[in-house]
*Asks:* 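Mind looking over this structure? Questions follow.
When a residue number appears, it is its place in the shown sequence, counting from 1.
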Amino acid sequence: MPPKVKFTREEIIDAAIELVRESGIEMLTSRELGKKMGVSARPIFTAFENMGEVKNEVFERAKAIYAEYQNGFENYSPAFKRYGRQIIHFAQKEPQLFKLLFMSQGEGKQPSFYDAVNSSEDMGIVLDVLARDYHLDREKATRLVNLLWVQVYGISVMIVQGVCYFTEEVISDMLSTTFIGAISALRSENTDEYLRSVRAEKTNNAN
């Protein structure tokens, strides 16, 4: 008979996610997870085939935790600022999970921050919110998202890495200032004409 499962899959993932929160994904090994649970590594492998399977489940749990931060963002005003602010908030409150989701590559084939954000189910809602609240077409809404995620990601990474600390007021002001400048530029016909000329120049140079 196969060995009796001492811990359920859910209990093991609960322990694993806490281990990652405390020490990072690098510490998620069978040995460290067993220590976290107060047992040897053996019970882990009565519920999971290998640690790769455990890590995949942890990644999915981390995504679910991040999704909770964005739950209902479209009902806030301004909704777009709320979405960006919640990414930063996630980085502040869950730095190791932020690293796992948005700063790691390779094992588990985690997407980049840009890919994760732009392929998420929320992105369609984000673009709809911009169209609703600021009367932007899809192209301009997408360009605005691309402009502002550079700032959101930069702030988040600096917080996670401990490079600097920003107060809530400073973060709010930075996001608002950048947003106002970006949306004003996108609404300007002169700016659109300038951008088209830049793209044409790049195309000519490439040829």
Side-chain angles (χ1 to χ4, degrees), residues 2-76 79 81-126 149 152-166 168 171:
K4 183 179 179 181
V5 178
K6 185 175 181 180
F7 293 93
T8 66
R9 289 174 65 93
E10 190 74 11
E11 289 171 334
I12 293 171
I13 296 305
D14 287 345
I17 199 76
E18 287 306 311
L19 177 59
V20 172
R21 277 172 156 163
E22 295 166 2
S23 305
I25 190 64
E26 299 81 6
M27 292 297 291
L28 183 55
T29 64
S30 58
R31 180 178 179 180
E32 292 300 320
L33 182 54
K35 286 171 59 178
K36 177 72 175 175
M37 293 162 37
V39 297
S40 69
R42 186 172 182 178
I44 299 168
F45 300 114
T46 62
F48 295 91
E49 291 187 5
N50 51 56
M51 284 303 296
E53 189 178 354
V54 174
K55 290 179 180 180
N56 287 338
E57 291 292 330
V58 167
F59 187 70
E60 292 303 315
R61 177 74 67 84
K63 288 199 300 183
I65 293 170
Y66 168 70
E68 292 175 5
Y69 278 74
Q70 296 294 7
N71 184 38
F73 75 90
E74 67 274 17
N75 298 320
Y76 286 78
K81 182 177 179 180
R82 168 76 179 188
Y83 187 75
R85 184 62 191 86
Q86 285 301 94
I87 293 176
I88 297 171
H89 194 207
F90 179 68
Q92 291 172 315
K93 298 297 184 181
E94 299 282 3
Q96 293 296 344
L97 298 188
F98 183 92
K99 286 182 181 180
L100 171 63
L101 292 181
F102 302 132
M103 294 176 64
S104 57
Q105 292 284 340
E107 188 172 6
K109 297 183 179 179
Q110 296 94 337
S112 67
F113 177 87
Y114 182 87
D115 290 339
V117 168
N118 282 276
S119 64
S120 70
E121 294 179 3
D122 289 335
M123 186 47 56
I125 302 175
V126 169
W149 284 159
V152 169
Y153 186 54
I155 293 171
S156 299
V157 170
M158 285 190 288
I159 290 170
V160 167
Q161 298 288 66
V163 174
C164 56
Y165 171 78
F166 298 113
E168 296 290 325
I171 291 173

*Asks:* Taking atom CD of Glu22 as the centre, does the number of heavy atoms from other residues, nucleotides or ligands within less than 6.0 Å exceed 12?
*Replies:* yes

*Asks:* Distance-only, no hydrogens or angles: does the Glu11 side chain make a donor-acceptor pair with backbone N or O of Thr8 under 3.5 Å?
*Replies:* yes

*Asks:* When the ring planes of Phe98 and Phe90 are compared, do they come out parallel, tilted or perpendicular, using 30° and 60° as the limits?
*Replies:* tilted

*Asks:* Check the pair Glu53 / Arg9 against salt bridge (charged side-chain N to carboxylate O under 4.0 Å, His left out), numbers first and verdict last.
*Replies:* CA-CA 11 Å; Glu53 189 178 354; Arg9 289 174 65 93; 3.2 Å; yes

*Asks:* Just say parallel, tilted or perpendicular for the rings of Tyr69 and His89, cut-offs at 30° and 60°.
*Replies:* perpendicular

*Asks:* Using the rule given for side chain to side chain contact (heavy atoms under 4.5 Å, CB included), can you reason through Ile13 versus Phe48, listing the C-alpha separation, both sets of side-chain angles and the distance that settles it, and then say yes or no?
*Replies:* CA-CA 10 Å; Ile13 296 305; Phe48 295 91; 3.7 Å; yes

*Asks:* Can you name the closest pair of heavy atoms from Ile12 and Pro43 and give their distance?
*Replies:* CD1-O, 4.1 Å

*Asks:* Hey, what do you get for OG (Ser23) to CD (Glu18), rounding to the nearest 0.5 Å?
*Replies:* 10.5 Å

*Asks:* Can you find a heavy atom in the side chain of Val157 that is under 4.5 Å from one in the side chain of Met103?
*Replies:* yes

*Asks:* Between Trp149 and Gly84, which heavy-atom pair has the shortest distance, and what is it?
*Replies:* CZ3-CA, 3.6 Å

*Asks:* What's the spacing between Ile171 CD1 and Tyr165 OH if we round to 0.5 Å?
*Replies:* 7.5 Å

*Asks:* As an exercise, state the distance from CZ of Arg82 to CZ of Arg85, rounded to the nearest 0.5 Å.
*Replies:* 9.0 Å

*Asks:* Any chance you could measure Met27, atom CE, to Lys36, atom NZ, to the nearest 0.5 Å?
*Replies:* 11.0 Å

*Asks:* Evaluate the side chain to side chain contact (heavy atoms under 4.5 Å, CB included) criterion for residues Lys99 and Gln161: first the C-alpha distance (whole Å), next the side-chain angles of each, then the deciding distance (0.1 Å), finally the verdict.
*Replies:* CA-CA 9 Å; Lys99 286 182 181 180; Gln161 298 288 66; 3.8 Å; yes

*Asks:* How long is the gap from CD on Gln86 to CD on Gln92, to the nearest 0.5 Å?
*Replies:* 9.5 Å

*Asks:* Would you name the heavy atoms of Ile125 and Glu74 that are closest together and state the gap between them?
*Replies:* CG2-CB, 3.8 Å

*Asks:* Considering non-hydrogen atoms only, spot the tightest contact between Ala62 and Leu97 and give its length.
*Replies:* CB-CD2, 4.2 Å

*Asks:* For a 4.5 angstrom cut-off between non-hydrogen side-chain atoms, does Leu100 reach Tyr66?
*Replies:* no

*Asks:* Begin from the C-alpha positions of Arg61 and Glu10 and carry the test salt bridge (charged side-chain N to carboxylate O under 4.0 Å, His left out) through to its verdict.
*Replies:* CA-CA 10 Å; Arg61 177 74 67 84; Glu10 190 74 11; 3.2 Å; yes

*Asks:* Is any side-chain heavy atom of Phe7 less than 4.5 Å from a side-chain heavy atom of Val39?
*Replies:* yes

*Asks:* How long is the gap from CE on Met158 to CZ on Phe166, to the nearest 0.5 Å?
*Replies:* 4.0 Å

*Asks:* Where is the tightest heavy-atom contact between Leu28 and Ala16, given as atom of each residue plus distance?
*Replies:* CD1-CB, 3.9 Å

*Asks:* How about Lys63 and Leu101: do any of their side-chain heavy atoms sit closer than 4.5 Å?
*Replies:* yes

*Asks:* Could you go step by step and tell me if Gln70 and Ile87 meet the side chain to side chain contact (heavy atoms under 4.5 Å, CB included) rule?
*Replies:* CA-CA 8 Å; Gln70 296 294 7; Ile87 293 176; 3.4 Å; yes

*Asks:* Evaluate the side-chain proximity of Ser30 to Phe45: yes if any heavy-atom separation is below 4.5 Å, no if none is.
*Replies:* yes

*Asks:* When the ring planes of Tyr83 and Phe73 are compared, do they come out parallel, tilted or perpendicular, using 30° and 60° as the limits?
*Replies:* tilted

*Asks:* I need the minimum non-hydrogen distance between Met51 and Leu33, along with the two atoms involved.
*Replies:* CE-CD2, 4.4 Å

